[in-house]
Visitor: 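Let me begin by handing over the structure; questions about it come next.
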Amino acid sequence: MPSCSAAIPRPSVLIVDRSEDSREVLRTVLEKRGVRTWEATEAQQGVELARRHHPQVIVLDLDAGDAEQDEIRNQYQAESNEHAAYLVVIGRSQSYEQILPKDRILAKPYHYAPLVRTIETLLSSLAGP
Amino acid sequence: MACLFVIQGRDQGKRFELEASLTGVGREATNAIRLHDVEVSRRHAQVAHEEGQFQLIDLGSSNGTFVNEQRVDRHVLQSGDRVQVGRTLLIFTGNEDRSSVDLAAEVDIVQPGPAAEGSRIVSSISREQGRQIFSDAELSASPWLARARSNLQIMYRTALAVSHTLDIDQLLQRIMELIFEWVEADRGCVMLLDWESGEAIPKVFRSRRETRSSERLRISQTILDYVLEHREGVLTSDAREDERWDPAASILKLGVREAICVPMQGRYGMVGVIYIDTYTPPGQVVQNRHVNRFSEEHLKLMVAIGHQAALAVEDTSYYSALVQAERLAAVGQTIATLSHHVKNILQGIRGGSYLIEEGLKNTDTDLIRKGWNIVDKNQEKISNLVMDMLTFSKERQPERIPAQLNEVTGEVVELMQTRATTANVSLRWLPDTGMPVLQFDPDALHRAILNVVGNAIDACEKTSGGCVTVATQYVADAALARITVEDNGEGIAAEHLQKIFSLFESSKGSRGTGLGLPVSQKILREHGGDIHVTSTPEVGSRFTLEFPAITDKPEEAPLEGGGLETLAGAPPPDRGDDRLDEVTQALPPANERS
């Protein structure tokens, strides 16, 4: 008989970032916390991974390819709305500022501790009380 | 693209493109055309773009908006219009949409034939004849022609003198020299108007005689004010008889006998004034009638010279402003690009530090090691960036010393081995065992080779079975040393090949600085060599670094003067490309070794 905890999906994060270092840091730290991660280096590739795996949180670096294009932004927004995924954006962009709360936009250069805390908070809000 | 170009004011040299349907002009940061001019209102005016027309609308500004010196509330701008807001002068350039087709429709070149026009040549004159058009024989018959020639010559020489200079001081100096050549002035001064204070500031002074300190040129403010206000040249042959100066009587006090003061009136407004005089100190003023040295003719001539000079000053200022704007743009681009790279490196260091911190908190050595690797990698990145910046920024001669090219190249290969392994790329090293000791700058060559090898590894990252081959070759008969770096990576498209040596052009996205190849090329060129590249997309690239092989053979053929350097001597016995001995370090990709 499946346990109750089996119904709770494993926390998951999609990291979309061209920087190998940034991906490695986030992947290492999140996996240590039991979070499943996927990685993409380009915004479009990130959309495809998001559609396939429906991560709970998407961390999108705006330097990753065409992240600021309207079409790409709309696709991330649609994925976020349809599957209740939280989008966290790294970098400055007026178009993302219009669709996201301020605490989910981080200007570069940023510190990892607050980013990881934000991700943890978002994941725990999904996990419920 | 229509634009407004600032030709005068604090923002001189800035160019604002009128892209939006409404472009604000004012002092506030919210304006697309933000002017740092205290006489401009916060929201001074706006340019409305509709159906190809650009309308300038004053927004109730305190000091008004002027187009071609006329105050306007609304005005449809035409190319060349001068827009004045506060103390800032801008030139409007509209969209140039007159095509050659339009012009062709207006001009017909009639071909020879029955339908041709019946014109015929009735007279012709050669260039030589043209030059003699004011010959002495003609001139003696006509005083008018003599004057005309004289004036034309002055204007022609003025035009020549004021062209081809970018230095305003030099330009004004030339103008003053010309004036002294043509006009019997004792002293002269060119003053330019300071755009901020409106004051005439002396820029050039010249005296025919040696000037004693007591004979300093003192220019009557009354004359200056009159010329500036009325924008007309004045001649005073005897100040005391000229009723215009009576109220101020300053000329009498200053003892000026004859003076000409003309405005420098340019296309866009007053630029300054030219003042010349014949000077007699007050105590030596002769009471008797004297012969005037300045005439109406001189005044006319000076007015014309003043206009020419003003045009030249405007052109020079305009051009200087353009050059300055371009320099600023280049500096801005450089700073922006370098800041971007430094920011990325800083981000990497922060990431590594964070992992180390986490590892220390949890006593996790794996995490600490991972973090340290990231910090170390980024430390190397910033070191390379700084070295590339330094190499690129300095013009220098390579510090040639006797060195082993194989040793230098081998060090690069060894250094890049870890990076290649991480990227699953095999790195092969084929040194030419017959490479002699050469005279070159080993540190510089190391940097040049490092950049090219690093690029080759990056180019193979996405290639399965990626392979980079580094080889050296001594081409004795051509006295050349050669390093080739060949990869089977993604290759470079033909249209991008031309750009790869341009500064800040990188196909590696945020990872590339766009400095590596320009730096490598610079180093090779400093050695009298160059870099050549051939590439095929999806097949790979081959970079060839070549430089003259200067061997160190002092005992065989010392140079005259005791120099130790000789050009490479006779070729060694038959050594072709196939002599390259593959030696060590032909590593398989990391994934095959694990």
Side-chain angles (χ1 to χ4, degrees), chain A residues 13 15-35 37 39-46 48 59-69 72 88-95 97 105-120 123, chain B residues 30 336-382 418-425 454 457-458 461-462 490 506-513:
Chain A
V13 174
I15 307 159
V16 187
D17 199 319
R18 276 187 176 173
S19 162
E20 192 190 325
D21 293 342
S22 296
R23 293 199 312 273
E24 189 181 352
V25 171
L26 280 183
R27 181 184 62 234
T28 306
V29 170
L30 293 173
E31 285 183 353
K32 288 261 175 202
R33 286 160 167 75
V35 178
T37 60
E39 291 174 41
T41 54
E42 301 292 324
Q44 182 60 54
Q45 189 194 359
E48 287 156 20
V59 180
L60 172 65
D61 185 320
L62 294 181
D63 282 342
D66 303 321
E68 291 198 67
Q69 272 188 7
I72 298 276
V88 178
V89 162
I90 295 167
R92 285 262 170 87
S93 162
Q94 283 189 343
S95 59
E97 278 167 14
I105 300 174
L106 274 86
K108 277 186 171 180
Y110 58 93
H111 286 280
Y112 285 85
L115 172 61
V116 171
R117 271 202 301 275
T118 302
I119 296 170
E120 282 179 322
L123 289 174
Chain B
T30 49
T337 310
L338 292 177
S339 304
H340 181 72
H341 295 310
V342 171
K343 202 166 66 177
N344 284 342
I345 293 169
L346 177 62
Q347 196 58 56
I349 291 172
R350 278 187 179 174
S353 308
Y354 176 64
L355 284 188
I356 292 171
E357 205 179 306
E358 287 283 299
L360 289 172
K361 249 191 260 172
N362 305 305
T363 335
D364 185 339
T365 46
D366 274 355
L367 216 51
I368 296 172
R369 192 174 298 117
K370 232 178 207 182
W372 174 248
N373 284 342
I374 294 176
V375 171
D376 197 35
K377 193 165 69 178
N378 282 284
Q379 179 185 284
E380 190 61 29
K381 276 186 192 170
I382 201 142
T418 314
R419 183 158 157 190
T421 306
T422 311
N424 280 344
V425 174
I457 294 169
D458 290 343
E461 267 189 339
K462 291 177 187 165
E490 57 196 70
S506 174
S507 56
K508 293 198 281 185
S510 58
R511 284 190 312 160
T513 59

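Since this is a predicted model, take the numbers as computed values, not measurements.
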Visitor: With the side chain counted from C-beta on, respond yes when A:His111 and B:Tyr354 share a heavy-atom pair under 4.5 Å apart, and no when they do not.
Guide: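 The answer is no, as the side chains (C-beta and beyond) never meet within the 4.5 Å cut-off.
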
Visitor: So what's closer than 4.5 Å to chain A heavy atoms on B:Asn362: side chain, backbone, both or neither?
Guide: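 Contact with chain A involves no heavy atom of B:Asn362 at all.
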
Visitor: Determine the minimum heavy-atom distance between A:Pro109 and B:Leu346, stating which atoms define it.
Guide: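 Looking at all heavy atoms of both residues, the closest pair is CG-CD2, 3.8 Å.
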
Visitor: Distance from A:Ser19 atom OG to B:Ile374 atom CD1, nearest 0.5 Å?
Guide: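 Between A:Ser19 OG and B:Ile374 CD1, I get 8.5 Å after rounding to 0.5 Å.
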
Visitor: Kindly compute the distance separating NZ (B:Lys370) from CZ (A:Arg27), expressed to the nearest 0.5 Å.
Guide: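 B:Lys370 NZ to A:Arg27 CZ: 6.0 Å, rounded to 0.5 Å.
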
Visitor: Quick one, A:Lys108 and B:Asn344 - any side-chain contact, counting heavy atoms below 4.5 Å?
Guide: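 Yes. Closest side-chain heavy atoms under 4.5 Å.
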
Visitor: So with a 6.0 Å cut-off around NZ of B:Lys462, is the heavy-atom count from everything else above 12?
Guide: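 Counting other residues, nucleotides and ligands, NZ of B:Lys462 stays at 12 neighbours or fewer.
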
Visitor: Can you say whether B:Asp366 sits under 4.5 Å from chain A via the side chain, the backbone, both, or neither, judging by heavy atoms?
Guide: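 B:Asp366 has no heavy atom closer than 4.5 Å to chain A.
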
Visitor: Does atom CZ (A:Arg33) have a neighbourhood of more than 12 heavy atoms from anything else shown, all under 6.0 Å?
Guide: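 Yes - once you tally the heavy atoms of other residues, nucleotides and ligands closer than 6.0 Å, there are more than 12.
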
Visitor: If I measure from the heavy atoms of chain A, does B:Gln347 come under 4.5 Å with its side chain, its backbone, both, or neither?
Guide: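 Its backbone and side chain both get close to chain A.
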
Visitor: CG/B:Leu355 to OG1/A:Thr28 distance, rounded to the nearest 0.5 angstrom?
Guide: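 Taking CG in B:Leu355 and OG1 in A:Thr28, the distance rounds to 5.5 Å.
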
Visitor: Could you give the distance from NZ (B:Lys377) to CD (A:Glu24), rounded to the nearest 0.5 Å?
Guide: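 So the NZ of B:Lys377 and the CD of A:Glu24 are separated by 6.0 Å.
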
Visitor: A side-chain contact here means heavy atoms from C-beta on lying under 4.5 Å apart; do B:Asp364 and A:Lys32 qualify?
Guide: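 The answer is yes; the side chains approach within 4.5 Å.
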
